[in-house]
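What follows is a short report on a single structure.
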Amino acid sequence: MSLSETKKRELLRQMYTIRAFEEKAEQLYAMGKVHGTMHLSIGMEASAVGSIAALRPDDLILSTHRGHGHCIAKGADLRLMMAEFMGKEAGYCRGRGGSMHIADVKGGNLGANGVVGGGIPIAVGVGLSLKMQKRDQIILCFFGDGAANLGPFHEALNMAAIWKLPVVFVCENNQYAMSLSVKKAFPIERISDRAAAYGMPGVTVDGNDVMAVYEAVSQAVKRARAGEGPTLIENVTYRWRGHSKSDANRYRTREEIEAWKQKCPIKRFRARLIEEGILTEEEADRIAQEAYAAVDAAVAFAEASPEPALETIEEGVYA
Amino acid sequence: MRELSYAEAIREALQQEMQRDERVFIIGEDVGVYGGAFGVTLGLVEEFGEERVIDTPISELGIAGAITGAALMGMRPVGEIMFMDFTTLAMEQLVNQAAKIRFMFGGKAKVPFVLRTPAGSGTGAAAQHSQSLENWFVHVPGLKVVMPSTPYDAKGLLIASIRDDNPVIFIEHKLLYKVKGPVPEEPYTIPLGTTEVKREGRDLTIIATSIMVQRSLEAAQQLAEEGIEVEVIDPRTLKPLDKEPLIRSVMKTGRVLIVHEACKTGGYGGELAAVIAESEAFDYLDVPIIRLAGRDMPIPYNRTLEYHTVPQVENIVQAARDLARGRM
């Protein structure tokens, strides 16, 4: 399951794009150009990119409130994402969903989710349908460490396992459920240990190593596609920013954040590609610049897009 | 016409839709060989197999998530929650996910499922197996809420619900399961959002839901012997509500009694009363709108106490008589 050099460069580009998108999102918020809230995954890019790299383009994902990275890695159009983020009619959800509900159903992203753990039971229904429809696609369901302590996690993992559904459960353990440390929320070292209780494999991965994530998820995808059932993967990572815009970081130290920044998944992968001779410094810089430029273009598109028309306000409530 | 029980009519609707459309499947607790807690799905697993009549673990939220995800994928799932009380365990998926996905996604997805669930008291099942929680769902935009009162309506409304492109909460009444009535053999639909006048009358309008339609019809029969002609109206779907027949009836009779089993406070009767009060029928009212509903209390176990917790035929007769003879 070795990736081509082209694909590796593509993964680096995706990681830079996610970073660029979220830094821009933060700026736009600070400038008052977007309202509401947002949940940034800066520092977690390898988890999104490595996981989705293991999928086929026609495979499906379910995402979370911290879902910009998943959306971009799944191949979303940055312009439509940014338009959604800015509440514009041209956005993926016509400005009705915003950051927490971006979905690109045609592109196989069945939606971010505003409710922690909200997507996990839906993954069971998606997996069940894929099986009933005799399709060979799989569904990869992202959620965070916090979601692994919800009841829906238990119901859904059990159902997916007893029916051997083509689901890959990817827990992005970013160390905190809002402010609660995993050390206080779990009596076990590894969240993936819970997989044993559902009779499925559980794997804990260095979630800041995009290739390690890719390898682990690839195994799970292979298993799911072969009809052998679900796997629980735990990507151990860290969110650099606060939970949302209201977070004053009172529950962790500057030193801790700085220590994790030293483990930046983008820097790490970039260095690796240069070391392997796949990229030069200049080429890597150019990939980064292109990512930031693409995000700038998306902002220009979004800013030029019209607001939803007031007379369409109730559209989409019912089919 | 051939007669079927309410349970048989529902089973026939499921069977015919599953024969017609391979996307339709049943999922719930003990819906397979057991046939469902009330026997509604009896025999279906033998005809359609375990792939399309799926027994789940006791995971109500899991069931709600499964039908939501399956509907997103183009299937037409029919979920069953064994008692309406247990829909409370599934609320997150129903209220935050299924009801809102289409809107949140800018109209670019749909969630066509039916969630069947039996409600109501009268079986001695006490406070956690007897509730009528329809208004919890009525209050959620994106959901449709259906409450059939006859075998004929149950079949036609269920087929329409399965073919509808939205999540539909289909509320059955346990005491109605054995009630018989004429049901055509061929598949037919009753469009969601069509109120029906179940009995015509000039003196008083009773608007009732679910089993209270049957009790109101019985009351109307008794009142007719006293010379009071009652019109009995059944909205059949609480959401969307077909308002016009209600308004027209009240304009004709000038008197309206609203009857439902759910607790009075916050119940659907308040909505019906408001619809009338906001309409042109308001000027035609001769007396105030009266609601007869379940007491604001949990359903007790004791047979006598249970009986007196929700409206019975004699309560409807009394209330209707008072209203019909009320001051101008």
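Proteins get letters first, then strands, A, B, ... in listed order; numbering begins at 1 in each. Computed from heavy atoms alone, side chains included, the values below leave out hydrogens, waters and symmetry copies. Fair warning: this is a prediction, and the values are worked out from it, not measured in the lab.
Between B:Gly69 and A:Ser129, the shortest heavy-atom contact is O-OG, 4.4 Å. Shortest non-hydrogen contact noted between A:Ala319 and B:Asn166 is N-OD1, 2.7 Å.
Per-residue counts of heavy-atom pairs under 4.5 Å with chain B were compared for A:Gly125, A:Ala156, A:Gly111; the largest is that of A:Gly125. Of the listed residues (A:Gly118, A:Ala103, A:Gly97), the one with the most heavy-atom contacts under 4.5 Å to chain B is A:Gly118. Your options are B:Thr68, B:Leu61, B:Asp165, and the one with the most heavy-atom pairs under 4.5 Å with chain A is B:Leu61. Note: B:Leu143 leads B:Leu143, B:Val111, B:Asp164, B:Ile58 in heavy-atom pairs under 4.5 Å with chain A.
Neither the backbone nor the side chain of B:Leu89 comes within contact range of chain A; no heavy atom of the residue lies under 4.5 Å from a heavy atom of that chain. Interface remark: B:Glu22 contributes no atoms to any contact with chain A (heavy atom separation under 4.5 Å). For B:Glu92, the part lying near chain A is the side chain, with the backbone staying farther off; criterion is any non-hydrogen pair under 4.5 Å. For A:Asn113, the part lying under 4.5 angstrom from a heavy atom of chain B is the side chain only. Only the side chain of A:Val105 has a heavy atom closer than 4.5 Å to any heavy atom of chain B. Neither the backbone nor the side chain of A:Ile139 comes within contact range of chain B; no heavy atoms are under 4.5 Å apart. Looking at A:Gln133, the atoms closer than 4.5 Å to chain B (heavy atoms on both sides) all sit in the side chain, from C-beta outward. Interface residue A:Leu110: backbone and side-chain heavy atoms are both found under 4.5 Å from chain B. Contacts of A:Leu130 with chain B are made by side-chain atoms alone, with heavy-atom separations under 4.5 Å and no backbone atom involved.
Counting heavy-atom neighbours within 6.0 Å of A:Lys131 NZ, excluding the residue itself, gives a total above 12. Open room surrounds CD on B:Glu280; 12 or fewer heavy atoms of other groups in view lie less than 6.0 Å from it. Surrounding NZ of B:Lys110 are at most 12 heavy atoms belonging to other residues, nucleotides or ligands under 6.0 Å away. Heavy atoms of other residues, nucleotides or ligands lying less than 6.0 angstrom from CD of B:Gln128 number 12 at most. Other residues, nucleotides and ligands contribute over 12 non-hydrogen atoms within 6.0 Å of the OH atom of B:Tyr188.
The distance from the CZ atom of A:Arg94 to the CZ atom of B:Phe105 is 15.0 Å, given to the nearest 0.5 Å. We find the CD1-OG distance between A:Ile162 and B:Ser59 to be 7.5 Å, quoted to the nearest 0.5 Å. Atom NZ of residue B:Lys108 and atom NZ of residue A:Lys106 lie 8.0 Å apart, to the nearest 0.5 angstrom. Put simply, CZ on A:Arg96 and CZ on B:Arg102 are 11.5 Å apart, with the number rounded to the nearest 0.5 Å. Rounding to the nearest 0.5 Å gives a distance of 4.5 Å between CE of A:Met132 and CZ of B:Phe25.
Taking 4.5 Å as the limit, some side-chain heavy atom of B:Met73 sits within range of a side-chain heavy atom of A:Arg135. For the pair A:Leu128 and B:Ile54, the minimum side-chain heavy-atom distance is below 4.5 Å. For the pair A:Cys93 and B:Met104, the minimum side-chain heavy-atom distance is 4.5 Å or more. Side-chain contact between B:Thr56 and A:Trp163 is present, with heavy atoms from C-beta onward closer than 4.5 Å. Side chains of B:Pro57 and A:Met159 form a contact here, defined as non-hydrogen atoms less than 4.5 Å apart.
Side-chain atoms of B:Gln97 never come within 3.5 Å of backbone atoms of A:Ile122 as a donor-acceptor pair (strictly under, hydrogens ignored). The backbone N or O of B:Lys144 lies less than 3.5 Å from no partner atom in the side chain of A:Tyr318, so there is not a single donor-acceptor pair.
Among residues 56-65 of chain A, the residues having any heavy atom closer than 4.5 Å to a heavy atom of chain B are, in sequence order, A:Leu60.
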